[in-house]
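To start, the structure itself, in structure tokens.
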Amino acid sequence: MSQPTPILHHFDQSPFSEKIRVIFGFKKLAWNSVRISRIMPRPDLMPMTGGYRRTPTMQIGADIFCDTQIIIRELERRYPTPTLYPGGNAGVPAALGMWTDRPFFQSTVNLVFGFLGDKVPQDFIDDREKLRGAKFDVAAMKAALPQMRDQFRAHIDWIEAQLGDGRPWLLGEFSLADVNAYMNLWYARQSLATLDEIMRQFPRSSAWEARIKAIGHGTRTEMSSADALALAARSTPQSSVVADPADPNGRKPGDRVTVTPDDYGKVPVRGEIVSLSAQHIAIRRTDERAGEIVVHFPRAGFLVVPD
Ligand SMILES: N[C@@H](CCC(=O)N[C@@H](CS)C(=O)NCC(=O)O)C(=O)O
């Protein structure tokens, strides 16, 4: 049976979305692109995610995947060849996300916004303050720019060192490790006119960056958010019930829970467990506009609490 076309809800400047676009390219996939606004509200998306507000999300019919970890897991499950985990590297490429998506990303954000300084629009600052539940202090980031250059350079230097023996990719063959690490360089490249000054000292990383860029984004076709929502409403979730007998907290299908990111954008999504494992939880919910939806989350970095 042919696979349904995945739909990515994203915006072009989003670094986390770039990871998924590169994977579409690597796996040579056709996909639908729903461009969402960079700031809230996103009235056609929230009925599907149940309130999860980070970017990107992936939709397959009435199944919604929140966070790149779970999107990547699902893409690998549906399209195993070529694999993102070559040569027996089954754990490290994904685990590396805890470096690239958190401290490395934070350094990159500080560098980018410190550089943009007064050019950052106030509605964006307001939105990101709400997202983070903390002040988005562009003036402080601007003042810390020299430190942020140092931090960013230290992270890039690890990439350079890993490529030091002339290998084309971080683990030898192309893997999720490359996608994860590339995100930050891609993001800095979009906004930083001065990035070349830093990257000049990293020729291997610069060549690696160009190799990943050449992979492309697969075959992208635009779709409207209204059409994506209508598709969810007329689809039935495809997730089957799977229990986890080893769940350390005795959670089981049918339990009502909330699932919430542990870092920022901490909006709890409510539903009833459909399936769960060490790396995945899927919850069923019903929405007036979207109908019956199953929302999927990763476990690392997400809090599951009885509702
Ligand atoms: N852990 C998340 C992080 C996603 C994330 O922080 N994305 C940024 C945009 S690149 C975001 O959500 N910004 C706020 C927003 O889009 O509302 C993932 O891997 O998907």
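In each ligand, atom 1 is the first atom listed, and ligand 1 is the first ligand listed.
With a 6.0 Å radius and a threshold of 12 heavy atoms from other residues, nucleotides or ligands, Glu288 has its CD atom at or below the threshold.
Between Tyr52 and ligand 1, a contact under 3.5 Å exists for no N or O pair. Residue Ser17 places no N or O, backbone or side chain, under 3.5 Å from any N or O of ligand 1. Between Ser14 and ligand 1, a contact under 3.5 Å exists for no N or O pair. Geometrically, ligand 1 and Thr68 share a nitrogen or oxygen pair separated by less than 3.5 Å. Below 3.5 Å of separation, one finds an N or O of Arg54 facing an N or O of ligand 1. Close N/O approach between Gln69 and ligand 1 is not found [any backbone or side-chain N/O within under 3.5 Å].
Judged purely by distance below 3.5 Å, without hydrogens or angles, the side chains of Gln3 and Arg78 pair a donor atom with an acceptor atom. Side-chain polar atoms of Thr83 and Glu76 form a donor-acceptor pair below 3.5 angstrom. Counting only N and O atoms by type, the side chains of Gln59 and Asp63 include no donor and acceptor under 3.5 Å apart. There is no side-chain donor-acceptor pair under 3.5 Å between Asp244 and Ser277. Inspection of the Gln201 and Arg153 side chains reveals an N or O donor paired with an N or O acceptor under 3.5 Å. At a cut-off of 3.5 Å, with distance as the only test, no side-chain donor of Thr286 or Glu292 sits close to an acceptor on the other residue.
Of the protein's non-hydrogen atoms, Asp67 OD2, 2.7 Å is the one closest to atom 1 (N) of ligand 1. The shortest contact between atom 17 (O) of ligand 1 and any protein heavy atom is with Arg53 NH2, 2.5 Å. Among all protein heavy atoms, the one lying closest to atom 9 (C) of ligand 1 is Thr55 O, 3.8 Å.
The closest approach between any non-hydrogen atom of Arg128 and ligand 1 is below 4.0 Å. Tyr264 counts as a contact of ligand 1, since one of its heavy atoms falls under 4.0 Å from the ligand. At a 4.0 Å cut-off, at least one heavy atom of Phe11 sits close enough to ligand 1 to count as contact. Assignment of Pro15 to the shell around ligand 1 is supported, since a heavy atom sits closer than 4.0 Å.
If you look at Asp263 next to ligand 1, there are no close heavy atoms at all, none under 4.0 Å.
With atom 15 (C) of ligand 1 as the reference point, the heavy atom nearest to it among Arg102, Arg42, His9 is part of Arg42.
The residues Arg73 and Asp67 are annotated as not salt-bridged, no charged nitrogen and carboxylate oxygen being separated by less than 4.0 angstrom. Classification of Arg77 and Glu74 as a salt-bridged pair holds, one side-chain N sitting under 4.0 Å from a carboxylate O.
Remark: Arg132 is positioned above the aromatic ring of Tyr264, its terminal NZ or CZ atom under 6.0 angstrom from the ring centre and at most 45 degrees off the axis.
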